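The structure appears right after this line, and notes come after that.
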Protein chains: 2
Amino acid sequence: MERKSFEGMQCPIARSLERVGEWWSILILRDAFYGITRFDEFQKSLGIAPNMLTRRLKGLVESGLMERREYNARPPRYEYVLTKTGQDFRPVLLSLLAWGNKHFAEGAASVLIKNIKTNKIAVPVLTDQVSGEEIIASGKFKIVAGPAADDKLRQRFASGYEGTL
Amino acid sequence: MERKSFEGMQCPIARSLERVGEWWSILILRDAFYGITRFDEFQKSLGIAPNMLTRRLKGLVESGLMERREYNARPPRYEYVLTKTGQDFRPVLLSLLAWGNKHFAEGAASVLIKNIKTNKIAVPVLTDQVSGEEIIASGKFKIVAGPAADDKLRQRFASGYEGTL
DNA sequence: CAGTATCCTGTCCGATACTG
DNA sequence: CAGTATCGGACAGGATACTG
């Protein structure tokens, strides 16, 4: 990534985008969650050019989202697995999935989340772990500038940009 | 957007990315949630070039995420507000925020979510609205191909790519 | 199998100037 | 205030050929 405009941005959303801002990065992560680990599986699944795949994979490794592991010594063979940081990206992916399903599915969803136990379709919603309340559209939550906010960010909130959620 | 590689993709994640794949799009949405509506407010807040802002805004309107509304007749003045589809994007933004806070905050979070009632910091987690269970890392959920899945997608799951969540 | 090496195109994005 | 017009650079991404 390393777009100049995003360097030094204190907003955690912008910081997240520095790591996964490219199209392929997110799609690669998606496939990684599906269990894909090998270079050529990613390539086949995504239909991505090999040089691009190398670049994105390298980026994800550098950002700490994936780990390149040798799974065979002679000949040397590598696989790519999600790190803890990468695994923590799952809620973003699932939210993206739910959003796409809801609004752009053209009649029917193409990918679903199922509860293994009940075998029912799950509906992912964001809730507050502390109070147990649903965060979205409840009007009971707000975004505030935290301790590490820089001046620009603080100003955004000071000028009244304080949407309740 | 309109990258060839993504056209016709049936995966809802890819479809979502068609709408918000660019860096600025997501940052614009973020600011829209903060309550920004006017062209020049977006520009100041983001530090984005005006031509780019025009393009991204136009894209978001075409994708149905934002609406361009005339709020003054003479002279004609416009503002940009989130549609229902755009508002539904909030969980993605909040997940991104939580992820960034957790892993790239350098000691302290710069933006936080607070419960208005209790004034406590909220911790957003994805849960299944049906069963009430936390989806992440519970191992009780899996992604499956839905009715609208195309062959490629179906094959992905048929070949054993069925990560439990 | 897991890439590297080249070459090429598109467009994202920035900077600046200008307008009703 | 809310943009349009124009220019230029960097790089994401595509296509193809090649390697241990």
Side-chain angles (χ1 to χ4, degrees), chain A residues 1-9 14 17-29 31-32 36-63 66-81 159, chain B residues 1-9 14 17-29 31-32 36-63 66-81 159:
Chain A
M1 204 90 334
E2 264 61 71
R3 256 328 175 294
K4 273 120 260 157
S5 28
F6 288 101
E7 274 167 26
M9 274 223 184
L17 291 177
E18 281 177 34
R19 274 83 181 184
V20 295
E22 284 94 14
W23 295 44
W24 285 127
S25 303
I26 293 186
L27 258 15
I28 289 171
L29 289 172
D31 275 8
I36 294 186
T37 59
R38 310 251 278 265
F39 190 93
D40 102 304
E41 288 179 318
F42 281 114
Q43 210 190 317
K44 267 204 301 259
S45 166
L46 295 166
I48 186 178
N51 54 351
M52 280 313 305
L53 182 54
T54 300
R55 260 147 71 172
R56 295 290 123 248
L57 244 18
K58 202 166 285 181
L60 289 169
V61 168
E62 276 165 17
S63 300
M66 300 194 81
E67 192 192 347
R68 186 178 191 251
R69 262 204 321 231
E70 189 181 66
Y71 71 90
N72 196 26
R74 266 175 312 277
R77 291 285 178 266
Y78 300 95
E79 63 179 356
Y80 296 86
V81 293
S159 355
Chain B
M1 205 93 330
E2 263 65 70
R3 255 329 175 291
K4 272 121 259 158
S5 28
F6 288 102
E7 272 166 26
M9 275 223 183
L17 290 177
E18 282 177 33
R19 276 82 182 185
V20 296
E22 286 92 14
W23 294 44
W24 286 127
S25 302
I26 293 186
L27 258 14
I28 289 170
L29 289 173
D31 274 9
I36 294 187
T37 59
R38 309 251 279 266
F39 191 92
D40 101 305
E41 287 179 318
F42 281 115
Q43 210 190 317
K44 267 204 301 255
S45 166
L46 295 166
I48 186 178
N51 54 351
M52 280 313 303
L53 181 55
T54 300
R55 258 151 69 177
R56 294 291 124 245
L57 244 17
K58 203 166 283 179
L60 288 170
V61 168
E62 277 165 15
S63 300
M66 300 193 81
E67 192 192 347
R68 187 180 191 249
R69 264 205 318 232
E70 189 182 65
Y71 71 89
N72 196 25
R74 266 176 313 277
R77 292 284 179 266
Y78 301 95
E79 61 178 0
Y80 297 85
V81 292
S159 355

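Here is how names work: the chains are called A, B, and so on, in the same order as the sequence lines, proteins then strands, and each is numbered from 1. Everything numeric in this text was worked out from a predicted model, so none of it was measured.
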Query raised in the report: Nearest-Å distance, CG (B/L46) to C1' (C/dG14)?
Result: 14 Å
Query - Residue mapping more 5' on DNA chain C - nearest nucleotide basis, B/I48 or A/K44 - result: A/K44
Query raised in the report: Counting N and O atoms only, with roles assigned by atom type, does the side chain of B/S25 sit under 3.5 Å from a partner on the main chain of B/G21, one being a donor and the other an acceptor?
Result: no
Requested in this report: Pick base, sugar-phosphate or nothing for B/F39, based on heavy-atom distances below 4.0 Å to the nucleic acid.
Outcome: base
Requested in this report: Find the distance A/E79:CD to C/dG3:P and express it as a whole number of Å.
Outcome: 11 Å
Query raised in the report: Reckon A/Y80 has a side-chain N or O less than 4.0 Å from the OP1 or OP2 of C/dC1?
Result: no
Query raised in the report: Charged N to carboxylate O below 4.0 Å: is that the case for A/R69 and A/E79?
Result: yes
Query raised in the report: Which residue lies toward the 5' end of DNA chain D, B/K58 or B/D40, if each is placed at its nearest nucleotide?
Result: B/D40
Query - Nearest-Å distance for atom pair CE/P, residues B/M52 and C/dT16 - result: 17 Å
Query raised in the report: C/dT16 P sits how many Å from B/Q43 CD, rounded?
Result: 13 Å
Query raised in the report: Should A/N72 and A/Y78 count as side-chain neighbours, where that means a heavy-atom distance under 4.5 Å?
Result: no
Query raised in the report: Would you say D/dG3 has OP1 or OP2 under 4.0 Å from some side-chain N or O of B/T54?
Result: no
Query raised in the report: OP1, OP2 of D/dG13 versus side-chain N and O of A/R55: anything below 4.0 Å?
Result: no
Query raised in the report: If we ignore angles and hydrogens, is there a donor and acceptor under 3.5 Å between the side chains of B/R77 and B/Y71?
Result: no
Query raised in the report: Do B/R38 side-chain and D/dA2 base share a donor-acceptor contact under 3.5 Å?
Result: no
Query - Phosphate OP1/OP2 of C/dG14: any B/W24 side-chain N/O under 4.0 Å - result: yes
Report task. Pick base, sugar-phosphate or nothing for B/Y71, based on heavy-atom distances below 4.0 Å to the nucleic acid. Result -> sugar-phosphate
Query raised in the report: Do B/N51 and C/dG14 share a donor-acceptor pair, side chain to base, under 3.5 Å?
Result: yes
**Report entry** A/W23 side-chain N/O to C/dC12 phosphate OP1/OP2 under 4.0 Å
**Finding:** no
Report task. Identify the residue among A/I36, A/I28, A/D40, A/L27 that makes a side-chain contact (heavy atoms from CB on, under 4.5 Å) with A/S45. Result -> A/I36
Query raised in the report: Could you give the CD1-to-P distance, from B/I28 to C/dC12, as a whole number of Å?
Result: 12 Å
Query raised in the report: CZ of A/F42 versus P of C/dC1: gap in Å, rounded?
Result: 15 Å
Query raised in the report: What is the nucleic acid contact for A/R68, judged by heavy atoms within less than 4.0 Å: base, sugar-phosphate only, or nothing?
Result: sugar-phosphate
Report task. Write down the distance between CD1 (B/I36) and P (D/dC1), rounded to a whole number of angstrom. Result -> 14 Å
Query raised in the report: Can you check the B/R56 CZ to D/dG3 C1' distance for me, whole Å?
Result: 16 Å
